[in-house]
Amino acid sequence: MTTFADLGLSQKVLSAVTDAGYTTPTPIQAGAIPPALQRRDICGIAQTGTGKTASFVLPMLTLLENGRARARMPRTLILEPTRELAAQVAENFEKYGKNHKLNVALLIGGVSFEEQNRKLERGADVLICTPGRLLDHCERGKLLMTGVEILVIDEADRMLDMGFIPDIERIAKMIPFTRQTLFFSATMPPEIQKLADRFLQNPERVEVAKPSSTALTVTQRLVACHNKDYEKRAKLRELIGTQSELKNGIIFCNRKKDVADLFRSLERHGFSVGALHGDMDQRSRTNMLAGFKDNQITLLVASDVAARGLDIPDVSHVFNFDVPIHAEDYVHRIGRTGRAGRSGAAFTLVTRSDTKFLDAIEKLIGQKIEWHDGDISALPAPAESHDESRGKRGRDKGRERRGGHKSDTRSEYTKPVEEEVVEAVKVEAVKVAEPMKAEPVANDRRGDKRHGNNPRNNRSSQAPANDDNRDRRRNRYHDHDDGPTPVGFGDDIPAFMLVVAAAKA
DNA sequence: AAAAAAC
């Protein structure tokens with residue numbers, strides 16, 4: 001059997017790999033490392049979780065042992081689609097490069113230029129970047145790309161999805177064509193192949209099996225659910241509560257707003273939870289991920305920023321709060337669990353309107369996914385719910401106000417709302433033994449902006465559009481006892497009142 | 001029906 005010692009890596013690298021506890025390379029490592037050490041271009045087709053990162057980090061470390069970096073002239077350049085992935089590659093260089101004295105610079109957005117500049121001036125052997133920040137540095141004239149010997153383009157298919165290819169082309173043009181290029185992609189559709197043909201010269205092609213075949217260790221289940229956010233949240237909580245094997249889990253939502261909403265909801269329900277999406281400030285993103293990795297946080301609510309590539313070992317559960325719109329994303333998401341042969345569980349909440357996405361997923365993975373607790377046709381009729389009736393009331397009231405009469409209808413509608421609030425307060429008083437700590441863990445930048453300077457938008461974040469907002473009112477009442485919660489205008493607060501409210505605040 | 005990435 002091949003061992004790392006057979007691949008031609010330097011002693012320094014080998015001893016770091018041994019110290020990390022590895023002896024046997026994965027297929028992508030065994031296939032890519034020897035030709036990479038021969039200075040061949042590589043076209044690697046491999047998903048994350050296959051050991052892909054080490055397959056370029058280890059040979060790069062070996063090749064970089066001769067020579068030193070000069071100021072503002074990096075010797076190698078690695079392009080990553082997301083900041084978290086870039087940071088993760090940097091960690092790999094720390095880990096496997098501990099016997100080297102290499103300068104590694106991480107150039108990503110969302111953090112200050114200053115420290116990055118200092119590192120560039122010291123001379124970086126390895127530059128790990130997201131495209132935007134790299135180009136920014138280039139335009140400021142802080143960077144000379146003429147000394148780059150090795151270019152790594154990682155997650156090329158995702159770069160394409162994200163519209164980064166023009167940026168990648170601009171960057172590649174600045175680098176001498178004598179460079180060595182290592183190109184990685186999870187899939188090789190024709191556009192990616194064309195791209196590879198443009199960037200690579202006589203590449204060694206290394207392809208490894210998709211991990212969808214290794215995902216046999218993941219138990220996949222579908223959970224039928226009504227299409228209301230609060231029902232989905234309730235179903236999710238119930239599901240989490242019944243998972244005896246749950247060590248930690250990632251909960252995926254399709255939208256950033258839903259990540260923020262679900263995070264707040266779970267937090268209020270007393271779960272150990274974090275959030276991760278691209279509109280959060282970088283510090284929160286880093287903290288959340290770190291907290292989740294060292295088990296200070298049990299659940300991580302995330303957008304697809306976390307679906308691919310993030311190396312979080314030992315995730316026992318994946319919950320899809322939303323069915324992903326693109327079938328491949330399903331594979332990536334559930335690939336967060338059941339890694340390295342461990343067992344894992346993946347639950348997907350499915351509503352009636354999701355069926356066509358579900359069909360596409362089952363077609364892609366070539367199997368039917370079992371229902372957890374009866375399929376969607378067995379779903380009981382939607383319960384007559386507070387939210388639904390209140391939503392309707394809000395609309396009716398609006399119409400009625402514009403009409404300027406029908407006041408009897410109005411009182412008929414208003415009364416049950418008050419009853420409902422009193423009911424809710426009772427429940428809350430029993431359930432919440434002590435006031436929950438209101439520590440703002442997630443810092444939603446977009447949310448802040450909205451509060452800060454746009455009273456119109458502020459309205460939408462205050463309007464009782466879901467049960468979270470109702471919870472907020474309950475809590476306020478419960479915590480401060482400042483009289484009955486005002487029932488007020490519902491969805492139809494006139495704009496001028498919001499302007500006044502904003503001015504007061 | 002989305003997310004990601006530069007200030």
Side-chain angles (χ1 to χ4, degrees), chain A residues 48 78-89 106-117 120 127-143 153-171 185-186 225 227-229 232 250-263 275-282 284-286 288-289 300-310 320-333 336 348-361 444-446 449:
Chain A
T48 41
I78 300 169
L79 297 170
E80 294 288 336
T82 70
R83 299 169 188 175
E84 277 76 13
L85 278 173
Q88 194 170 287
V89 172
L106 180 62
L107 303 190
I108 59 174
V111 293
S112 90
F113 276 91
E114 243 351 272
E115 200 187 337
Q116 295 177 359
N117 270 336
L120 291 179
L127 218 52
I128 305 162
C129 318
T130 45
R133 182 54 72 97
L134 175 66
L135 286 170
D136 207 339
H137 277 285
C138 289
E139 278 156 19
R140 288 164 192 235
K142 295 289 182 188
L143 218 39
I153 299 166
D154 198 12
E155 304 264 336
D157 51 352
R158 198 168 179 203
M159 300 267 203
L160 182 77
D161 281 352
M162 289 166 61
F164 280 163
I165 298 306
D167 287 349
I168 304 295
E169 306 235 27
R170 275 178 66 199
I171 293 163
S185 187
C225 194
N227 192 17
K228 288 272 184 239
D229 281 357
K232 291 174 82 176
I250 306 181
I251 304 165
F252 285 103
C253 300
N254 286 355
R255 299 172 196 77
K256 288 177 281 199
K257 181 186 180 303
D258 293 334
V259 170
D261 290 351
L262 181 58
F263 162 71
L276 186 66
H277 67 70
D279 277 353
M280 285 163 51
D281 68 68
Q282 190 55 40
S284 304
R285 283 168 70 162
T286 309
M288 288 292 179
L289 195 57
L300 185 68
V301 187
S303 69
D304 279 315
V305 70
R308 302 192 202 193
L310 288 193
N320 288 313
F321 187 74
D322 299 306
V323 177
I325 294 164
H326 293 302
E328 323 85 74
D329 287 334
Y330 177 83
V331 179
H332 291 295
R333 288 180 182 186
R336 301 299 93 210
T348 301
L349 299 191
V350 182
T351 71
R352 287 205 167 81
S353 46
D354 292 326
T355 44
K356 68 167 185 260
F357 299 119
L358 180 60
D359 290 345
I361 288 166
D444 186 332
R445 226 194 300 155
R446 203 176 53 176
K449 213 187 296 163

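Order of the sequence lines fixes the chain letters, A, B, ..., with proteins taken first and strands second; residue numbering starts at 1 for each chain.
- Residue A/R255 has its side chain nearest to B/dA3 when only B/dA4, B/dA6, B/dA3 are considered.
- Side-chain N or O atoms of A/K142 include none that pairs as donor or acceptor with a backbone N or O of A/N117 at under 3.5 Å.
- A/F357 pairs with exactly one of A/V323, A/T348, A/V350, A/N254 by the side chain to side chain contact (heavy atoms under 4.5 Å, CB included) rule, that one being A/V323.
- Judged by distance alone, the side chain of A/T130 and the main-chain N or O of A/R83 form no donor-acceptor pair under 3.5 Å.
- Judged by distance alone, the side chain of A/D329 and the main-chain N or O of A/P324 form no donor-acceptor pair under 3.5 Å.
- Using a distance-only test at 3.5 Å, with no hydrogens or angles considered, a donor-acceptor pair links the side chain of A/H277 to the main chain of A/D279.
- Nucleotide B/dA5 holds its C1' atom 14 Å from the CG atom of A/L106, rounded to whole Å.
- One interatomic measurement links the two molecules: CG of A/L160 to P of B/dA5, which rounds to 17 Å at whole-angstrom precision.
- Close to B/dA4, at under 4.0 Å from its OP1 or OP2, lies a side-chain N or O of A/K256.
- Note on A/R333: every side-chain N or O is 4.0 Å or more away from OP1 and OP2 of B/dA2.
- We find that CD of A/E80 is positioned 13 Å from C1' of B/dA5, with the value rounded to whole Å.
- Remark: DNA chain B forms no stem of 3 or more consecutive Watson-Crick or G-U wobble pairs with all pair distances under 3.5 Å.
- Heavy atoms only, all atoms of each residue included: A/E80 and A/L85 are closest at OE1-CB, 3.6 Å.
- Look at A/S303 and you'll find a side-chain N or O under 4.0 angstrom from OP1 or OP2 of B/dA4.
- The distance between atom CD1 of A/I128 and atom C1' of B/dA5, rounded to the nearest whole Å, is 17 Å.
- Neither OP1 nor OP2 of B/dA5 sits under 4.0 Å from any side-chain N or O of A/R158.
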Under the side chain to side chain contact (heavy atoms under 4.5 Å, CB included) criterion, do A/E155 and A/T82 qualify, and how do the steps go?
CA-CA 10 Å; A/E155 304 264 336; A/T82 70; over 6 Å; no
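- Taking atom CG of A/D279 as the reference point, atom P of B/dA2 lies 13 Å away to the nearest angstrom.
- With hydrogens and angles ignored, a donor-acceptor pair under 3.5 angstrom links the side chain of A/H326 to the base of B/dA2.
- For A/D329, whose side chain is taken as the heavy atoms from C-beta onward, the closest listed nucleotide among B/dA4, B/dA2, B/dA6 is B/dA2.
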